[in-house]
Amino acid sequence: MKNKIIAGNWKMNKNRAETESFFAELLPLVADTRNTVILCVPFTDLCKAVKSAQGTNIHIGAQNCHWKESGAFTGEIAPSMLVETGVEYVIVGHSERRTYFGETDATVLARTKAALNAGLKPIVCIGETLQERQSGKTEEVLKRQVTEGFADISAEELGRTVVAYEPVWAIGTGVTATDEQANDAIKYVRSVFAEKYGKAVADKLFILYGGSMNDGNAANLLAMSDVDGGLIGGASLVPQKFAAIVHSHR
Ligand code: 13P
């Protein structure tokens, strides 16, 4: 059985001092886990987070990166800049970036490719909106996001990539997908990957669930056959809650 990946996404929360105290509290709480623990923090907290996590079992990620290595892209960060900072992972294509900052499957693919080329491990987010689910389009949307968002990603590159299924209607709403909804969607996503890359590659791929996961519902979600872990927003801001999620799968 695969261990799980438990990844926190702080979004636009916490300053440097708060980052330092968060890690001081979290480290002893998760030191003995077999699961992979990742924290994706704001750019300005990365140095503190990397330093705090040095020599521990915690991995650090950013929340976005650009597709070019340098140039006139005001406000963007190049993958190599993240690597230089000691970052290992980067979230790409989060629904908040798709909704508020115009990310498309094409820009998600470009950022994913650039992250991989720089040696980062991308955590690529996909997921349907409430309207898409209610009109029966969930599978159609997921298929498009996988087909177009991974168009020229090789099997070797997919092996260095994590996927997060985050139904938009479950993010920050307190409405979690049921265990079955999460598992069915992830199983479907895995089947789409299997069509292109073969079953062995698709089975190895880590596909996480994200959307109002917390210390109360994590154990059941993580017990589902296809749910390889969680991408956690709100509950990743509190060390005790996040640690409880990490330990909800042993
Ligand atoms: P919440 O856990 O706050 O719903 O956020 C989920 C998410 O968007 C993680 O990327």
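Indexing begins at 1, ligand by ligand and atom by atom, following the structure's order.
- Under 4.0 angstrom from ligand 1, the non-hydrogen atoms of Ala170 all belong to its backbone.
- At a 3.5 angstrom cut-off on N or O pairs, Ile171 does not count as close to ligand 1.
- Considering backbone and side-chain atoms alike, Glu96 places every N or O at 3.5 Å or more from each N or O of ligand 1.
- At least one cation-pi condition fails for Lys14 and Phe22: the charged atom is not both under 6.0 angstrom from the six-membered ring centre and inside a 45 degree cone around its axis.
- Gln181 CD to Met224 CE: the interatomic distance, rounded to the nearest 0.5 Å, is 10.5 Å.
- Taken to the nearest 0.5 Å, the CG atom of Asn183 stands 9.0 Å off from the CZ atom of Arg190.
- Note: an N/O pair closer than 3.5 Å links Gly233 and ligand 1 by distance alone.
- For the ring-ring contact (aromatic ring centres under 6.0 Å, His included) condition, the pairs that include at least one residue of residues 103-152, sequence neighbours left out, are Phe150-Phe193.
- Checking only distances, Lys11 does come within under 3.5 Å of ligand 1, N or O to N or O.
- Taking only nitrogen or oxygen atoms, main chain and side chain alike, Gly234 reaches within less than 3.5 Å of ligand 1.
- Remark: ligand 1 atoms within the under-4.0 Å shell around heavy atoms of His94 are 7 (C), 8 (O), 9 (C), 10 (O).
- Counting heavy atoms from C-beta on, the side chains of Leu116 and Pro122 come closer than 4.5 Å.
- Heavy-atom distances between Gly211 and ligand 1 reach below 4.0 Å in at least one pair.
- Remark: His94 NE2 to Ile126 CD1 distance equals 12.5 Å, nearest 0.5 Å.
- Put simply, no part of Ala235 is less than 4.0 Å from ligand 1, judged by heavy atoms.
- In summary, Lys204 and Asp228 do not engage in a salt bridge, as defined by a charged side-chain N under 4.0 Å from a carboxylate O.
- Residue contact check: Glu166 has heavy atoms under 4.0 Å from atoms 6 (C), 7 (C), 8 (O), 9 (C), 10 (O) of ligand 1.
- Taking a cut-off of under 4.0 Å to the non-hydrogen atoms of Ser212, the atoms of ligand 1 that pass are 1 (P), 2 (O), 4 (O).
- The salt bridge (charged side-chain N to carboxylate O under 4.0 Å, His left out) analysis of residues 104-119, with sequence neighbours excluded, yields the pairs Glu76-Arg111, Arg98-Asp105, Glu103-Arg111, Asp105-Arg144, Lys113-Glu157.
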